[in-house]
Every structure is written in structure tokens, then in C-alpha cells.
Amino acid sequence: MIENEAVRLEATERGALVLTDKRTGARFEEIVGDLCLCEARLAGDTMLARLSGAAFDVDVRLALTEDGFTLALHAGADTPMPEEIAYPGAWRTRAGDLLAFGHSEGVCFEADEEFPLPERWGMTAGGMAMWVIRRGGCWLICAAEEGADAALVNRRTDGLMSSGARWLSEKGRWGYDRAMRFFVSSTLGEGCRAYRAWRETLGEIVPLKEKIARAPELEKLIGAADVWLWDDNNMNRLYARPERSDVPARDVRAIADDMQALGMTRVLWNAFEGETRADCEYLKGKGWLVGKYDIYRDVVPATAVNSVIPYRVKRSRHTKYWPDDVRREQNGDMARAWQLHTIDGTMVYQNAVCDVCALRMTMEDVPADVAEVGYTARLLDVQTGGGLAECYDPRHPATRRVMRRYIRAQHQFLLDLGLACGGEVGSEDYVSQLAFTEGLMSPIWLRGPDAGRRMNTLYYGDEIPPVITNYMLNPRHRLPLWELAYHDCTVSYWYWGDSSNGCPELMPLRDLFNALYGLPPLYSLNVTQWRRLRTVVAASYRRATAVAARVGLLPMTAFEWLTEDRLVQRTVFGGEYAVTVNFSNRPYETPQGTIQPLDFRLEELNK
């Protein structure tokens, strides 16, 4: 047993870890699986042990910190390793425990409550390498130091959910020491501040203020609504449907003027097909960022160009490099990617480009495009949300960590060009380079069906997918873990297939989440939809950006539930502003006055 003023850590005779928070008395016991501690011994304030049941020798070192403990696993770098090992085991949960996960912005539910949680995911594929248990007045944050080669596995046993880490081999070998940190705190904000401080020691955090100093255009992102304004026939072109002739023109300048006249003064104007230089200059003249969609992970195979719809073939400008730059699986197969429609109505897989090669492509493509058109932002699809994978092509072999290094260099290259670099979904692996993310506010498994192909589908009334009302927009199941760690580092948005306007009647509800999290909205709609929804979108803009415009460069320092049902929530930004949101159907009384149902209050704390 080892202990300090905050925690006690011990190993049972069965080799299970037991952690006790001495301040609250909360006790957490590990579920022993195939692997457990053996030969444990003390060395001062450190516990040293071996890992029993492993296929190779693994040394375990456990050391106390002022707010928890560290766990490190050591083996020779070249030691052959099975595909994965599971240690430590999950903490045993109890009815009433609250579980939270750093996937996307953050989701939460009680351990004995049904929730559509995937069985596993890569730790940093679309979020943070952390998960959380609240027991009584204690918050336990569990975090992997290196999430690239780790997966989180979730199991429901006897009606209770529990979660544990699995370490993945690095091309069949151990590769490097694996480590975890466990933080114990009395509030979630306190625990996330400790988590953030730890990530800072790893050199992985660059605040937006520093990014703006390098690329001043990024300042225009603060409080800016992310707008995707589609041509009415764009979905028809993308998905091989007949184009219509009776649709309004996509008049960029007229619609931008209309938005501005309606009070939408700060905008990140994004385009899928791209704008002309004249339109780009016109939009920039309004003080807006102008961005373009881009993708490097997917490529149409040269063998499929005669079967895939021509519009998709034209967009796949990197087919000329196929198959040399495709990522190869261990068995030599070319890795698969997003499926596309063919001329005859079937679907065909693309191939996945190796991220090592994608860096070169970006350096070839983007400078010329920016010089020609004048873009000030770039959204890179897939990479920061799709996770990392190894490449076995001998011309560009790469581990997951090498892949990540090249993606970081790709983002840094865009930042060095002065561009606001955005990524799909987002991952803490790229917090140092990304300026914005699209999709962190929209956990993948809580979106409507096929959201990635429905960028301007609108749902009304009974058409609204239940997963959206039951989970996505249910405040009981959402919490801002990402913002508590990284609010002053990136600007997070909804997903274009789960936009603020995706369920028009629920826009006011989404606006409340934006206000609470200090984030601006995302609108994805075609010209006809803009004409129909323009006034309600403008009203949403005013509600949703009121907080973000003030707090966009501040850290989120606190989050709490003010009622037992978790429907009244409060956030604090940098000790300067507080936001209280009433998601309930009843008025909420505060010393400053009443907050009506489905409304919020922004307070300046130092006035």
C-alpha cells in the first residue's frame, strides 16, 4: 500500500488495484481479468510489480501524485507483442455511478442506465483519451498518456457498464512504455484543470491566442457562425440523382448581403465546391473567413473511374497517384475508405491514402489554390475523426504515431500559411495546430441515420430521429469535457449532417448548448432552405453567438449541474463570465432573478 494526503493505493491478494479517495471515502476496485499484478513491492512512495498472465515480461510502476496516481508499463521496445493487451482492468461500477466519456464534446449516463455506447473505439479517434466515473462527491478521471495505440472497451455486465483500456501493438511489437494517469477531484472542473495541466507538460497544447499571433486571420473565428450554403443540386450531383432545373441560383454575394443585413456579422463561410476569387474577395471584404472543403484520406481507384459517377471522379484529384500512395494493410491489401455511388446505382469502396503521402499532396495543392482564390480557411475531412492506422507499404511505412506526426505537420503547414485549419470531428492529438473542428458537438453514434450523406436534410416533427431527441439534445446526457480542457485552444462546431438548423424547430435548444459551451453555431442548408429559414436562422445566430463572441479566447474553468435532474447547468469562463442555462420546463430562481424555461443568462462576474 502507498498513500499520501489525498489517496490510498493498494493491491489485493488477487492482484487487483484498489484506489481510495481519502477526502470523500470513495473507493474504486479494479475488475481483475486475465492480467493482474504480482510480486508487488514498495520502493518509497512507489509500488513496483510484474504483470501476471502476460505473454511477455512487463514491469509495472505505480507512483502517487498530489491528485491521484500514475501507472507505467515497461517492456523491451522490440519485444514481440500480441495484437493487444488489456491492463489495467476496468474499475468496478455501482448503480448510481455516473459515467462520462471524452468522445466528441462529452457524453454521460448512469452506470445502470441504457445508453447507445459503442463497444470500443480508438482513444483519440474523435475526442480525448479519457473517461470518468463520479461516485458520490468524487470524480475519477482515467486517461491514457498515449492514445494513438490505445482503445477503450466498454462492457455491460449484470446491467452495469464498465470501461477499460487496451494497448495496441506497434507493428507487432511493444514499441515504447505505456502510461496512464488517474486524477481524483471533488469537482469535474478541478479534475479537468489537472488533466489540462498534465497535457501541457507533454507539450501538446497551443492556445488560440498563440495561433492568432502566428495567423491573425484566425481572430475572425471567434464568435463566427460556420455556414455551409449549398447549391440546390449539390446533393443530386453527389449522389447520382437527377438535377433539377427549377431551382434558384446560388448567388453568393446576394445571400451574404442578406445574412449581414439580418445581423449575421461574423461568419466562417465554407464551400464544398469552392468560390471564385471575386466572390472570395467580396466575402473577405465583410470581415469574414472564407474556407474550402478538402480531403486527403480518400481516393477513387483508377480501376473504378469508369463506374463511379463523373462528379466524384472529377473531385478525386489524387487518383493520378493511385495506387502508389495508398495505405497498405499488413497482408498487403490496399486499405478501404468511404463508399461512393456508381453510375449503375451500386456502391464501390475508395482506397485510403497514407497520411505520410497526404502531407506532400497538401504542400502541392493548397498554396496554389490559396494564391488563385484567396481562401483564409481550410477544412480537412476524415483524418482527425477517423482515427489512425498503420501502413505496411515499404515505400512509406508508418506506425500510428508516425501517421499522427505527419497529420500534425500537415495542419501546421496550413497554419503557417496563415489559414484557419479545421478538422472533421477533432482529436486532442491535434490541439496544437487545429483552429476549429466540425463535429465535436455531434457524437457520431448520436447523429441521425447516414448523417455524413445528408448535409442539408431537414427533419420536422415525427420525422426527427429519436436518437437526436433522446440523446444528442438531451442535456442529461451531455457535458463539455472537451471545453473544460481545450475551450481556449479550438472552436468547436456541430456536424454538417447534424447542424443547428437540421431540426428547425429544435434550433432554440441547440442554441442553449452553444451558449452554455461558449461556442458558435453551424448552419448547413441549400439556397431554397435559406430563403425559407432566413429569419429563424438569424434569430438563432443572435442567441447562439452571444456568449461565444465574449468568451472564445477564455478557458472554461467550471461546469456544474444546479439541479438533481441535471436540467439546469452552469459554466464559468476564465473567472470572468458565467452562463446558466435552464433546459427544464419550469422557471429557475437565482439570486439575480428568474431564468425562464429554455432560456439562459450570461453574467459578468467582475462587474
Side-chain angles (χ1 to χ4, degrees), residues 104 118 121-122 125-126 228 230 234-241 270-274 292-329 333-359 361-362 365 378-391 393 400 403 406-407 410 422-427 437-440 442-445 447-457 495-499 524:
S104 300
W121 63 78
W228 292 91
W230 303 86
N234 202 287
M235 297 303 118
N236 294 330
R237 288 193 289 274
L238 281 170
Y239 302 118
R241 297 191 288 261
N270 270 314
F272 186 75
E273 296 189 48
K292 183 180 179 181
Y293 170 92
D294 210 347
I295 186 167
Y296 291 93
R297 183 67 68 83
D298 300 356
V299 61
V300 175
T303 53
V305 295
N306 293 325
S307 59
V308 171
I309 57 176
Y311 180 62
R312 289 288 196 175
V313 174
K314 180 182 178 181
R315 289 190 56 79
S316 184
R317 62 189 185 279
H318 298 125
T319 295
K320 60 188 177 184
Y321 298 120
W322 186 93
D324 294 348
D325 290 346
V326 170
R327 182 176 65 81
R328 296 275 178 171
E329 307 283 7
D333 289 349
M334 287 187 283
R336 287 180 167 182
W338 182 258
Q339 285 184 294
L340 297 180
H341 290 79
T342 63
I343 296 170
D344 63 7
T346 59
M347 302 290 283
V348 63
Y349 282 103
Q350 296 180 90
N351 288 128
V353 172
C354 177
D355 295 311
V356 172
C357 303
L359 172 60
M361 295 175 181
T362 305
D365 295 347
R378 204 84 167 187
L379 175 74
L380 301 187
D381 203 355
V382 182
Q383 288 165 299
T384 60
L388 299 164
E390 296 172 334
C391 181
D393 190 306
R400 297 180 194 89
M403 290 289 204
Y406 275 82
I407 295 174
Q410 186 182 18
E424 186 200 9
V425 184
S427 165
T437 64
E438 289 196 11
L440 270 179
S442 305
I444 295 171
W445 14 277
R447 299 172 186 169
D450 210 14
R453 301 184 192 273
R454 299 189 178 197
M455 291 84 100
N456 57 22
T457 296
Y495 184 60
W496 62 11
D498 182 61
S499 65
S524 181

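What you see below is based on every heavy atom in this structure, not just the backbone, and it leaves out hydrogens, waters and symmetry mates. A quick note: this is a predicted structure, and the numbers were derived from the prediction, not measured.
Residue H341 holds its NE2 atom at 7.5 Å from CD1 of I309, rounded to the nearest 0.5 Å. For the atom pair CG of D393 and CG of D325, the computed distance is 8.5 Å after rounding to the nearest 0.5 Å. To the nearest 0.5 Å, the span separating CZ on R328 from CE on M334 amounts to 5.0 Å. The CZ atom of R312 sits 13.5 Å away from atom OG of S307, with the distance rounded to the nearest 0.5 Å. Here the straight-line distance linking atom CG of L238 with atom CG of L340 works out to 9.5 Å at 0.5 Å rounding. Note that CZ of R315 is 11.0 Å distant from CG of D298, once rounded to the nearest 0.5 Å.
The closest side-chain heavy-atom distance from V313 to T319 is not below 4.5 Å. When side chains are defined from C-beta on, M403 counts as touching V356, because their heavy atoms get closer than 4.5 Å.
Of all the heavy atoms in P301 and N351, the pair that sits closest is CG-OD1, 3.4 Å. Across all their heavy atoms, V353 and Y296 have their closest contact at CB-O, 3.0 Å. For the pair M455 and S524, the tightest heavy-atom approach, listed with the atom from each and the gap, is O-OG, 2.6 Å. Considering every non-hydrogen atom in both T384 and S427, the closest pair reads O-CB, 3.5 Å. Nearest heavy atoms, G387 versus A125: CA-CB, 3.7 Å. Contact record, P443 with S104: CA-OG, 3.2 Å, taken as the closest heavy-atom pair.
Using a cutoff of 4.0 Å between basic side-chain nitrogens and carboxylate oxygens, D498 and R447 are not scored as salt-bridged. Salt bridge present: D355 and R297 bring a charged side-chain N and a carboxylate O closer than 4.0 Å.
Between the Q350 side chain and the A337 main chain, no donor and acceptor come within less than 3.5 Å of each other. Between the side chain of S316 and the main chain of V300, a donor-acceptor pair closer than 3.5 Å is present. Here the side chain of T437 pairs no donor or acceptor atom with the backbone of G426 at under 3.5 angstrom. A distance-only check finds a donor-acceptor pair linking the side chain of E424 to the backbone of V382 [under 3.5 Å]. Looking at D294, its side chain never comes within 3.5 Å of a backbone N or O of L379 through a donor-acceptor pair.
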Inset, instruction - Evaluate the side-chain contact (heavy atoms from CB on, under 4.5 Å) criterion for residues L380 and I407: first the C-alpha distance (whole Å), next the side-chain angles of each, then the deciding distance (0.1 Å), finally the verdict. - result: CA-CA 10 Å; L380 301 187; I407 295 174; over 6 Å; no
Inset, instruction - Determine, step by step, whether T303 and W322 satisfy the side-chain contact (heavy atoms from CB on, under 4.5 Å) criterion, reporting the C-alpha distance in whole Å, the side-chain angles of both residues, the deciding distance to 0.1 Å, and the verdict. - result: CA-CA 9 Å; T303 53; W322 186 93; 3.7 Å; yes
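Around the CZ atom of R317, the shell of radius 6.0 Å holds more than 12 heavy atoms that belong to other residues, nucleotides or ligands. Few gaps surround CG on D344; more than 12 heavy atoms of other groups in view lie less than 6.0 Å from it.
Checked against a 6.0 Å centroid threshold, the rings of W228 and F272 do not count as neighbours.
Residues meeting the ring-ring contact (aromatic ring centres under 6.0 Å, His included) test with Y311, sequence neighbours left out: none.
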